[in-house]
Amino acid sequence: MLGFGADRLRADMNRLLALLFHQGVLDEQFLQLQQLQDETSPNFVSEVVTIYFRESEKLLTNLRELLSDRDFSDYKKMGIHLNHFMGSSSSIGAKRVKNVCVAFRAASEQNNRLGCFRALELLEHEYCYLKNKLHEFLQMEQQRIMGAGARYPIQN
């Protein structure tokens, strides 16, 4: 029975990834990240994604704070935050988040405050969707790892 559960879990994980690829949420970089995970580092993807989320939360806070300032004019600083966000999103394969960052940066380079507000709203939406879906995926991955590591005593 344990084998059937593991097979079902793997199938669910594959379906979720296929959906995220089909929607353009993730790209092949995420698969490359997965290939770096092995028995010696079974939580590699989870650790990298957790760091990404922690840093992204800080970047989103910084972007919100910059735009909430009535006297905001430091589009260069905004561009620095967006470049960082784009780079880290690209490194984990967060394709749609990265693409929104590109559009956000374009609005920033044009000193388009309204465009920046719209881009921030879209960025927060895409980021939340990514975070929820990757959280779901990582929970399944953790269950898979726990199931694979389960050892039952042989009864005579």
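At distances below 3.5 Å, at least one donor-acceptor pair connects side-chain atoms of Gln37 with backbone N or O atoms of Val45. Under the 3.5 Å distance criterion, the side-chain polar atoms of Arg96 are left unmatched by any main-chain donor or acceptor of Leu130. At distances below 3.5 Å, not a single donor-acceptor pair connects side-chain atoms of Ser56 with backbone N or O atoms of Phe53. Ser46 places no side-chain N or O within donor-acceptor distance of the main-chain N or O of Asn43, the cut-off being under 3.5 Å.
Note that the CG atom of Asp74 and the CD1 atom of Ile80 stand 7.5 Å from one another [nearest 0.5 Å]. Atom NZ of residue Lys131 and atom CD of residue Glu136 lie 15.0 Å apart, to the nearest 0.5 angstrom. Atom-to-atom distance recorded for Ser108:OG and His81:NE2 is 10.5 Å, nearest 0.5 angstrom. Atom SG of Cys116 sits about 9.0 Å away from atom CZ of Arg113, to the nearest 0.5 Å. Cys101 SG to Asn83 CG: the interatomic distance, rounded to the nearest 0.5 Å, is 9.0 Å. Separation of atoms CG (Leu63) and NE2 (His84) is listed at 11.0 Å; rounding is to 0.5 Å.
Leu26 and Val102 are not part of a single hydrophobic cluster, where members link through side-chain heavy atoms under 4.5 Å apart. Linking ILVMFWY residues whenever their side-chain heavy atoms come closer than 4.5 Å, directly or via other members, places Leu36 and Leu134 in the same cluster. Leu59 and Met86 are members of different hydrophobic clusters when ILVMFWY side chains are connected at heavy-atom separations under 4.5 Å. No path of Ile, Leu, Val, Met, Phe, Trp and Tyr side chains, each step under 4.5 Å between heavy atoms, connects Val49 with Ile51, placing them in separate hydrophobic clusters.
Ion pairing between Asp7 and Arg10 fails under the 4.0 Å rule for side-chain N and carboxylate O. A salt bridge is defined here as a Lys NZ or Arg NE, NH1 or NH2 lying under 4.0 Å from an Asp or Glu carboxylate O, and Glu121 with Arg64 fails to meet this definition.
Taking the six-membered ring where tryptophan is involved, the planes of Tyr127 and Tyr52 are tilted, since the angle between them lies from 30° to 60°.
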Determine, step by step, whether Phe44 and Asp38 satisfy the side-chain contact (heavy atoms from CB on, under 4.5 Å) criterion, reporting the C-alpha distance in whole Å, the side-chain angles of both residues, the deciding distance to 0.1 Å, and the verdict. CA-CA 8 Å; Phe44 180 76; Asp38 59 19; over 6 Å; no
Carefully, step by step, assess Leu60 and Phe85 under the rule side-chain contact (heavy atoms from CB on, under 4.5 Å). CA-CA 9 Å; Leu60 283 170; Phe85 210 159; 3.7 Å; yes
Does Gln23 form a side-chain contact (heavy atoms from CB on, under 4.5 Å) with Tyr129? I'd like the steps, not just the answer. CA-CA 11 Å; Gln23 293 175 334; Tyr129 184 76; 2.7 Å; yes
- [ ] Could you walk me through whether Leu82 and Met78 pass side-chain contact (heavy atoms from CB on, under 4.5 Å), step by step?
- [x] CA-CA 6 Å; Leu82 288 166; Met78 182 175 290; 3.9 Å; yes
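Looking at heavy atoms from C-beta onward, Lys133 lies out of side-chain contact with Val25 at the 4.5 angstrom threshold. Taking 4.5 Å as the limit, every side-chain heavy atom of Met13 sits out of range of all side-chain heavy atoms of Leu17. Contact of the Val100 side chain with the His125 side chain is not registered, since no non-hydrogen atoms from C-beta on lie closer than 4.5 Å.
Taking the centre of each ring, Phe30 and Phe137 come in below the 6.0 Å mark.
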